[in-house]
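No hydrogens, no waters, no symmetry mates; every other heavy atom, side chains included, goes into these values. Please read these numbers as outputs of a predicted model, since none were measured by experiment.
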Amino acid sequence: MKIAILLDGAFVRKKFKKMYRRNIQAEDVQLLSQNILKRLNINPNDSYRVYFYDCLPCEEKSSLPISNRAFNFKQTPQFAQNTQLLKNIEKLPFFALRTGQLSFCGWRLKKQSYKKQETYTDDDFEPELQQKGVDIKIGLDMAWASYNNITEKIVLLTADSDFIPAIKTARRCGIFVYLFTLKHTVKIGLIENTDFFITEDIQTLLNN
């Protein structure tokens, strides 16, 4: 009985960093996937593939909001870290990397700077980045796996209710859909349209 695991990368990375105060590594992603199978009492040999969906790091150039000094995303530590993460995930056995693009939408004031009394500096702002192309790839892969009878079960790690139509399509095709939200609050419609809803947080799953 083949099962595909679909990981919403940005969601998983955010939950991991909030829990462990460090950036997720490829080994963490692999362990998470293995423990999901354990949690569902599924033999690892029945796993079809793990799909990790995330955006490639932003490569745009801009200028800082206060000083107007040149700013290049490719020269940031985050660019190097995220690039290496995706490369390492792509090398994992039975993993497939699906990438979208990050679009720079300007600078926004950091929450901790809202009540600042002094003059703003560049450090009071952070880039506003928008994902493009990730959600549609998750939906398309779910539909492809369903219509082509690739798997009998799909595990989806996300909190995004935009995937409800894709989930409905999978279930109409006879696919069982398991939803992991890592204890994130989600719309009830997302839960109602899945076959099995798992509430454990990411720490519980990694320590399984």
Undergrad: Answer yes or no: is there a donor N or O on one side and an acceptor on the other, between the side chain of Asn88 and the main chain of Leu85, under 3.5 Å?
TA: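 Answer holds: no.
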Undergrad: Are side-chain heavy atoms of Tyr120 and Pro65 found at a separation under 4.5 Å?
TA: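 No. Closest side-chain heavy atoms not under 4.5 Å.
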Undergrad: With a 4.5 Å limit on heavy-atom distance, are the side chains of Leu32 and Phe16 in contact?
TA: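 With C-beta onward as the side chain, the pair stays apart.
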Undergrad: Considering only heavy atoms from C-beta outward, does the side chain of Glu90 approach that of Leu86 to under 4.5 Å?
TA: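 Counting from C-beta outward, Glu90 and Leu86 never come under 4.5 Å.
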Undergrad: Which atom pair, heavy atoms only, marks the closest approach of Pro44 to Leu37?
TA: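 In this case the closest contact between Pro44 and Leu37 is CA-CD1, 3.9 Å.
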Undergrad: Would Leu92 and Leu6 show up in the same hydrophobic cluster when neighbours are defined by side-chain heavy atoms closer than 4.5 Å?
TA: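 In one cluster with Leu92: Leu6, no.
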Undergrad: With the side chain counted from C-beta on, respond yes when Phe52 and Val29 share a heavy-atom pair under 4.5 Å apart, and no when they do not.
TA: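 Yes. Closest side-chain heavy atoms under 4.5 Å.
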Undergrad: Side chain of Asp201, backbone of Thr204: donor and acceptor closer than 3.5 Å?
TA: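 Present.
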Undergrad: Does the pair Val186 and Ser161 meet the rule for a side-chain contact (heavy atoms from CB on, under 4.5 Å), with working shown?
TA: CA-CA 7 Å; Val186 298; Ser161 58; over 6 Å; no
Undergrad: I need the Phe196 CZ to Ile191 CD1 distance, nearest 0.5 Å.
TA: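 Going from CZ on Phe196 over to CD1 on Ile191, the span is 13.0 Å.
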Undergrad: Near Tyr147 OH, under 6.0 Å, is it more than 12 heavy atoms from other residues, nucleotides or ligands?
TA: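 Atom OH in Tyr147 is not packed in, count stays at 12 or less.
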Undergrad: Main chain of Glu126, side chain of Lys110: is a donor-acceptor contact present, judged purely on distance under 3.5 Å?
TA: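 No, the answer is negative, given that no donor and acceptor are paired below the 3.5 Å cut-off.
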Undergrad: Tell me whether Leu190 shares a hydrophobic cluster with Phe176, the cluster being built from Ile, Leu, Val, Met, Phe, Trp, Tyr side chains joined at under 4.5 Å.
TA: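 Hydrophobic grouping puts Leu190 apart from Phe176.
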Undergrad: Calculate, to the nearest 0.5 Å, the distance between atoms CZ and CG belonging to Phe79 and Leu56 respectively.
TA: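 So the CZ of Phe79 and the CG of Leu56 are separated by 8.5 Å.
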Undergrad: Linking I/L/V/M/F/W/Y whenever their side-chain heavy atoms sit closer than 4.5 Å, directly or via other members, would Val12 and Ile138 fall into one cluster?
TA: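 Not linked; separate clusters.
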Undergrad: Which distance, rounded to the nearest 0.5 Å, do you find between the OH of Tyr51 and the CG of Leu7?
TA: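 Taking OH in Tyr51 and CG in Leu7, the distance rounds to 12.0 Å.
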Undergrad: Identify the two heavy atoms, one from Thr76 and one from Asn72, that lie closest to each other, and give their separation to 0.1 Å.
TA: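 Taking every non-hydrogen atom into account, CG2-O, 3.8 Å.
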Undergrad: Quick check: closest heavy atoms across Asn193 and Ile167, and the distance to 0.1 Å?
TA: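 In terms of heavy atoms, the two residues are closest at O-CG2, 3.0 Å.
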Undergrad: If only side-chain N and O atoms count, and only distance matters, is there a donor-acceptor pair under 3.5 Å linking Tyr53 with Asp141?
TA: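 The criterion, which ignores hydrogens and geometry beyond distance, is satisfied for Tyr53 and Asp141.
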Undergrad: Could you walk me through whether Leu109 and Asp124 pass side-chain contact (heavy atoms from CB on, under 4.5 Å), step by step?
TA: CA-CA 6 Å; Leu109 190 64; Asp124 292 310; 4.0 Å; yes
Undergrad: Answer yes or no: does atom NZ of Lys137 have more than 12 heavy-atom neighbours from other residues, nucleotides or ligands under 6.0 Å?
TA: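 Yes.
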Undergrad: Can you tell me if CD1 on Ile136 sees more than 12 non-hydrogen neighbours from other groups inside 6.0 Å?
TA: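 Not buried by this count: 12 neighbours or fewer within 6.0 Å.
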Undergrad: In terms of heavy-atom contacts, does CZ of Arg69 have more than 12 from other residues, nucleotides or ligands at under 6.0 Å?
TA: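 Open: at most 12 neighbouring heavy atoms sit under 6.0 Å from CZ of Arg69.
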Undergrad: With the 4.5 Å side-chain cut-off for hydrophobic clustering, are Val50 and Leu157 part of the same group?
TA: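 Val50 and Leu157: one cluster.
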Undergrad: If only atom types and distance count, is the side chain of Trp107 paired as donor or acceptor with the main-chain N or O of Ser63 below 3.5 Å?
TA: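 Checking the backbone N and O of Ser63 against the side chain of Trp107, a donor-acceptor pair under 3.5 Å is found.
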Undergrad: Check whether any side-chain heavy atom of Leu102 lies under 4.5 Å from a side-chain heavy atom of Gln130, and answer yes or no.
TA: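 Answer no - side chains too far apart.
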Undergrad: Determine the minimum heavy-atom distance between Lys183 and Thr199, stating which atoms define it.
TA: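 The answer is CG-O, 2.7 Å.
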Undergrad: Is there a path of hydrophobic side-chain contacts, each under 4.5 Å between heavy atoms of I, L, V, M, F, W or Y residues, that connects Phe163 with Tyr178?
TA: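 Result: no, two separate clusters.
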Undergrad: For the CD1 atom of Ile5 and the OG atom of Ser47, what is their distance to the nearest 0.5 Å?
TA: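 Output value for this atom pair is 5.0 Å.
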Undergrad: Taking the side chain as every heavy atom from C-beta outward, state whether Leu182 and Met19 have any pair of such atoms under 4.5 Å apart.
TA: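 No. Closest side-chain heavy atoms not under 4.5 Å.
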Undergrad: Shortest non-hydrogen contact from Arg22 to Gln25?
TA: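 Closest approach of Arg22 to Gln25: NH1-CG, 3.8 Å.
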Undergrad: Rounded to the nearest 0.5 Å, what separation is found between the CD1 atom of Ile198 and the OG1 atom of Thr194?
TA: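 If we round to the nearest 0.5 Å, Ile198:CD1 and Thr194:OG1 are 7.5 Å apart.
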Undergrad: Measuring from atom CZ of Phe104 to atom CD of Glu128, what distance do you get when rounded to the nearest 0.5 angstrom?
TA: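 Going from the CZ atom of Phe104 to the CD atom of Glu128 covers 9.0 Å.
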Undergrad: How far apart are the C-alpha atoms of Asn23 and Lys17, what are their side-chain angles, what is the distance that settles it, and do they pass the side-chain contact (heavy atoms from CB on, under 4.5 Å) test?
TA: CA-CA 6 Å; Asn23 293 323; Lys17 190 166 187 177; 3.3 Å; yes
Undergrad: Where do Ile42 and Lys153 land on the side-chain contact (heavy atoms from CB on, under 4.5 Å) test, with the steps shown first?
TA: CA-CA 11 Å; Ile42 293 173; Lys153 296 180 179 180; 4.3 Å; yes
Undergrad: Side-chain contact test, heavy atoms from C-beta onward, threshold under 4.5 Å: evaluate it for Pro57 versus Gln81 and give yes or no.
TA: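 They are not in contact (no side-chain heavy atoms under 4.5 Å apart), so the answer is no.
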Undergrad: Could you check Ile3, Ile150, Ile154 and say which one makes a side chain to side chain contact (heavy atoms under 4.5 Å, CB included) with Tyr48?
TA: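 Testing each of Ile3, Ile150, Ile154 against Tyr48, the sole residue satisfying side chain to side chain contact (heavy atoms under 4.5 Å, CB included) is Ile150.
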Undergrad: Would you check if the side chain of Arg171 reaches a backbone N or O of Val177 as a donor-acceptor pair within less than 3.5 Å?
TA: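 Checking the backbone N and O of Val177 against the side chain of Arg171, no donor-acceptor pair under 3.5 Å is found.
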Undergrad: If you compare all heavy atoms of Met142 against all heavy atoms of Leu156, which two are closest, and at what distance to 0.1 Å?
TA: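 Scanning both residues, the minimum pair turns out to be SD-CD2, 4.3 Å.
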Undergrad: Any side-chain heavy atom of Pro127 sitting closer than 4.5 Å to one from Phe73?
TA: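 Sidechains of Phe73 and Pro127: in contact.
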Undergrad: Test your reading of the model: is there a side-chain donor-acceptor pair from Asp122 to the backbone of Ile66, 3.5 Å cut-off?
TA: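 Yes, the answer is positive, given that a donor and an acceptor are paired below the 3.5 Å cut-off.
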Undergrad: CZ of Phe197: more than 12 outside heavy atoms within 6.0 angstrom?
TA: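 Yes, enclosed.
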Undergrad: Crowded around Lys87 NZ? As in, over 12 foreign heavy atoms under 6.0 Å?
TA: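 Result for NZ/Lys87: open.
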